[in-house]
Amino acid sequence: MATDSEIYRAANLLIQEFGEMAPIGAQVKADQMQDRGNRAARSVWLRVARATQELLSESSPGPAALN
């Protein structure tokens with residue numbers, strides 16, 4: 001089982017490489033793991049996908065930043 005720090009490290013690497021497409025890439029990997037029957041890996045990739053979404057939402061400016 002991957003630790004939270006490993007999940008966020010992977011999420012940061014995906015964001016560095018793929019930017020806003022990182023959550024989609026992680027979801028694709030999760031789907032591939034499901035197709036292979038690897039539930040544990042699928043679970044890890046779903047956690048990475050959620051972490052990428054969280055990190056991207058924290059880094060993007062909200063509506064108040066537009067004023």
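Tracing side-chain contacts under 4.5 Å through hydrophobic residues (I, L, V, M, F, W, Y), one reaches I24 starting from M33; they form part of the same cluster.
Atom OG1 of T3 and atom CZ of R47 lie 7.5 Å apart (nearest 0.5 Å). How far CG of L46 is from CD of Q27: 5.5 Å, rounded to the nearest 0.5 Å. For the atom pair W45 CH2 and R50 CZ, the distance stands at 13.5 Å (nearest 0.5 Å). Distance check: Q32 CD to D35 CG gives 7.5 Å after rounding to the nearest 0.5 Å. Distance check, rounded to the nearest 0.5 Å: CG of L55 to CG of L14 gives 10.5 Å.
Of all heavy-atom pairs between R42 and A30, the closest is CG-O, 3.5 Å. Between P23 and G19, the shortest heavy-atom distance links the atoms CD-O, 4.4 Å.
For the side chain to side chain contact (heavy atoms under 4.5 Å, CB included) test with T52, the passing option among N12, I15, L13 is I15; the others fail.
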